[in-house]
Amino acid sequence: MLPKGPYNPNETESKILDFWHQNKFFKPEFDPRDGEVKSTEEMKQDDREPFAIICPPPNAYARPHIGNVSGYAYQDVFGRYARMRGKKTLLFPGKDHAAQEAETIYLRDVLAPQGKSKADFTREEFYAACYEYFTGIMLIAQADEKRIGLSADFDRDLFTLDPRVFETVMGTFIKMYEDGMVYKDVRIVNWSPGMQSVVADIDTARKEREAELIYIKYPLVEDPTKFVAVATTRPETMLGDTAVVVDPTDERYADLIGKYVKLPLTDREIPIIANGRVDKEFGTGAVKLTPAHSADDYTMMLEWNYKKDFNRMPQNVQDAREQIGAVGYINIIWKDLKLVGPVGKYKGMKVNAARAQIVEDLRALDLIEKTEKITQNVVICDRTKSVIEPIMSSQWFIDVDRLKQPALEALKAGEVTIHPDNMSKKLEFWLQNLRDWPISRSIWWGYRIPVWYKGEISEVVNDEGKIVIQIAGEDIADMQDAVKKGLIKVQTDSPGEGWLQDPDVFDTWFSSGQWPFATLTAENLMDTFYPTQIMETAFDILELWVARMIMLGIYTQGKVPFKDVYLHGLINAPDGQKMSKSKGNNINIDEIVEKYGADTLRMLYIVGNKAGASYRVDFDKLEGYRRFLNKIWNAAKFVEMNMPENHDWSEVPADLKIESNKKLYQHILDTHAEVTKLMNGFNIGIAAQVLFENFWHVFCDVCLEEAKPNLYPQKDKQTQEVISEPDPVAKTETQQVLGFALITYLKLLHPFVPFLTEEIWQHIKPEQKKESTLGYENWELS
RNA sequence: GGGCAGUUAGCUCAAUUGGUAGAGCUCUCCGUUUACACCGGAGUGGUUAUAGGUUCGAGUCCUAUACUGCCCACCA
């Protein structure tokens, strides 16, 4: 019998959690047909259809807030639905080491308060300390995942740095190396002085700041009394200029394209070239080109050298290109923010000091036309907020051409479907514009790049401003050169005495991008579960993560890693702002779960929300869903108390005579059909809403009221005299339909509110279903 | 600058793909106390941001405009 009183989610949910996990219901090895946990081999052999979701691994560095865990509710709905439809279901949980961000947080929040830094550790000690610290956080995260009801196989919870993942991640890199897709090259990178590391474009942000725009006159070589003026906020970088750029259609400069100017303060002459990116309206319409210290300039250099769009260029530009040839770069700022290379007397000066000196020297030469104040967008490091210094540096890169084309084709061929579908355009656009992937990170927390050097590797800037790599003191021209000379080997283990491993680690997305097959490989489940069915994650990492999983999945396995991608929106704080620790509007799971229960929180995540749309925490809604749970609880009590002794709950009604019963029966059929259709179409927010409406306002408000006269005597309100007795035949039929309706509703509701429905099921389930969970009851009606 | 969303009741949001604009909360009135620390019934409240267009029919499709948000980007 269901207990009296209102529903108490907190007590019930912890009890149900124990019941689920102790019985190992969420392992695919659990076979509901005989209630036993089989061996993995037996599971692989059985004829149930496989269904797998690889759960997005949360970052190891911080406890997730209620926004972060919303995805688990969706993954769980898909997983439970699959189980009820007879599939052997695996929800694979994991945790991500989040290389760069995690290391930053560890240094800032753990070591710095103790007055320590990386310098106090060896690399191995530091790694071990991180591992221990993050393991603690990961256990809390796992508890939160369980608490929300995620029906994952937690015995398999896997960390991205687990030794069983190692081979997979390294193997992919080595395969790429053998396929000629890995290269070490010099190119412009975002140097973060705060991180003392190269950071990816995605880890940068922009900030407005006041700057002084300085107009510098560059004398023409053919007539030093004439000048081309350029406007810049960074005059010190002029020492690294290799050209002046103008718009190819700018009439003011048409005659000058192809001619040379004398670069002041140096003895160099640099050409005037053209590129459509230059804005005629800004400054003087002529730009100094410093490819080593400006990403824009670097791009323009490449475009000039590769003659991008030259068939559309005016003839004089094409002629100039033939005459001038390619332009190069000169790196004049180094990682310590001091000047290097061919900078004459400024060598060794700090950037700021050099800037002041150069402006002063230019003034002395009367080469400054004017200055003006402007606001500019400066690139900053997203994590440390320090201003990014673009420099040339040698980095490991992955050539993405061979990764992105198959991914684009798979998208086009419909091998992957994105929900909502408009996001696939975003993904396509991103893939098309993808540039080579810099994968090295100069940190310790992560997978160390499996490249070995025969001796010390270093990077220096020579007198021409070129980056030179040296291994064991020997200059290296390129990768092939180093391999040929026997100075580099790519393998996981040390080639022997005297070999030194590359100090950098992989970008965290390099390992998490392999997550669908890394997880399944670690558990030896590839044959059964790859490719998986659904990837459910937040829309904001569509490019960062989903795109990379698709590319790497196709590259290593020859198949897309999942068929459908469901993207949920972000959940914001009640004020509509993004939740973040720094704003102090973070909400932990406990705060909600203790008061309202996990089922209620799941309803908030799901009901009425559509894929890709963000929404906010709304306490009124939470209160509404809490009442809904109580409504279900009471409706179940009502049905149960009106059932005969030993009622057979698996009975399906037939040959109904009473009009109200026919109506209720039809209502159940309709609701089942509608919800099933919505679930299959990934409209789970609407499915949940339909259930909410139908259960409360049709089943409870109408059908149960209409059933009452068939169940017990009706009394006159005033006199309390019995005015009608129920017909015994009608009563039996009504009981039959009500029982069927309740069971069906419990099943339909179960993916959304698993705790409550399970609790009710445990009280009313038939004798022969002992020890069973509602989670494996057949979704279909008969 | 480019791309992608969004703009619907006082508030927060839906509308199952072109077919009578809905829910929750709020507010008003009535009723219930043998499922409901509450529940039920009725009601107030919307020219669906604006202006055009396509269509028998538009919140939904097209064009433009105005705001809001996110992403990308190169204004030195």
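First the proteins, then the strands, lettered A, B, ... as listed; each starts at 1.
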S.K.: So A:Gly624, base contact, sugar-phosphate only, or nothing? Heavy-atom distance under 4.0 Å.
M.R.: nothing
S.K.: Expressed in angstrom and rounded to an integer, what is the separation of A:Tyr615 atom OH from B:U12 atom C1'?
M.R.: 13 Å
S.K.: In whole Å, what separates the C1' atom of B:G43 from that of B:A37?
M.R.: 27 Å
S.K.: Could you walk me through whether A:Glu389 and A:Arg234 pass the salt bridge (charged side-chain N to carboxylate O under 4.0 Å, His left out) test, one step at a time?
M.R.: CA-CA 11 Å; A:Glu389 187 63 66; A:Arg234 298 204 56 189; 2.8 Å; yes
S.K.: Indicate, with a heavy-atom threshold strictly under 4.0 Å, whether A:Leu678 touches base, sugar-phosphate, or nothing.
M.R.: base
S.K.: Using atom CG of A:Asn694 as one end and atom C1' of B:U16 as the other, report the distance to the nearest whole Å.
M.R.: 13 Å
S.K.: Encode nucleotides 1-11 of chain B as B, S and - characters from 5' to 3', where the letter depends on protein heavy atoms closer than 4.0 Å: B to the base, S only to sugar-phosphate, - to neither.
M.R.: ----S------
S.K.: Which value, in whole Å, describes the distance between the P atoms of nucleotides B:G53 and B:U16?
M.R.: 26 Å
S.K.: What contact category does A:Thr232 fall into here, base, sugar-phosphate, or nothing, at under 4.0 angstrom with non-hydrogen atoms?
M.R.: sugar-phosphate
S.K.: Does a nitrogen or oxygen in the side chain of A:Asn630 sit under 4.0 Å from OP1 or OP2 of B:A37?
M.R.: yes
S.K.: Should B:G43 form a Watson-Crick or G-U wobble pair with both distances under 3.5 Å, which nucleotide is its partner?
M.R.: B:C27
S.K.: Please state the P separation for the pair B:C13 and B:A49 - nearest whole angstrom.
M.R.: 15 Å
S.K.: In Å, rounded to the nearest 0.5 Å, how long is the span from CD1 of A:Ile632 to CG of A:Leu749?
M.R.: 5.0 Å
S.K.: Quote, to the nearest angstrom, the P distance that separates B:A58 from B:U68.
M.R.: 31 Å
S.K.: Using a 4.0 Å cut-off on heavy atoms, which residues in residues 702-710 of chain A reach RNA chain B? List them by number, or say none.
M.R.: A:Leu704, A:Glu705, A:Lys708
S.K.: Of the nucleotides B:C39, B:A35, B:A23, which has the atom closest to the A:Arg627 side chain?
M.R.: B:C39
S.K.: Remember a base hit wins even if backbone is also touched, and classify A:Glu674 as base, sugar-phosphate or nothing at under 4.0 Å, heavy atoms.
M.R.: base
S.K.: Using both distances under 3.5 Å as the test, list the Watson-Crick or G-U wobble partner of B:A73, or none.
M.R.: none
S.K.: Can you tell me, in whole Å, how much space there is between the P of B:C70 and that of B:A64?
M.R.: 24 Å
S.K.: From the set B:U12, B:C25, B:A35, return the single nucleotide nearest to any side-chain atom of A:Cys700.
M.R.: B:A35
S.K.: Round to a whole Å and report the spacing from CZ of A:Phe628 to C1' of B:A35.
M.R.: 15 Å
S.K.: What distance, rounded to whole Å, do you find between the two P atoms, one in B:A42 and one in B:G22?
M.R.: 14 Å
S.K.: Can you figure out which of B:C39, B:U16, B:A14 approaches the side chain of A:Ala613 most closely?
M.R.: B:A14
S.K.: Mind checking if A:Asn634 touches a base, just sugar-phosphate, or nothing, with heavy atoms under 4.0 Å?
M.R.: base
S.K.: When both hydrogen-bonding distances must be under 3.5 Å and the geometry is Watson-Crick or G-U wobble, what is B:G57 paired with, if anything?
M.R.: none
S.K.: Tell me, with the steps shown, if A:Tyr596 and A:Asn10 meet side chain to side chain donor-acceptor pair (under 3.5 Å).
M.R.: CA-CA 8 Å; A:Tyr596 298 98; A:Asn10 224 345; over 6 Å; no
S.K.: If we call it a pair only when both distances are under 3.5 Å in a Watson-Crick or G-U wobble match, what pairs with B:U68?
M.R.: B:A5
S.K.: Are A:His697 and B:G24 close enough that a side-chain N or O sits under 4.0 Å from OP1 or OP2?
M.R.: yes
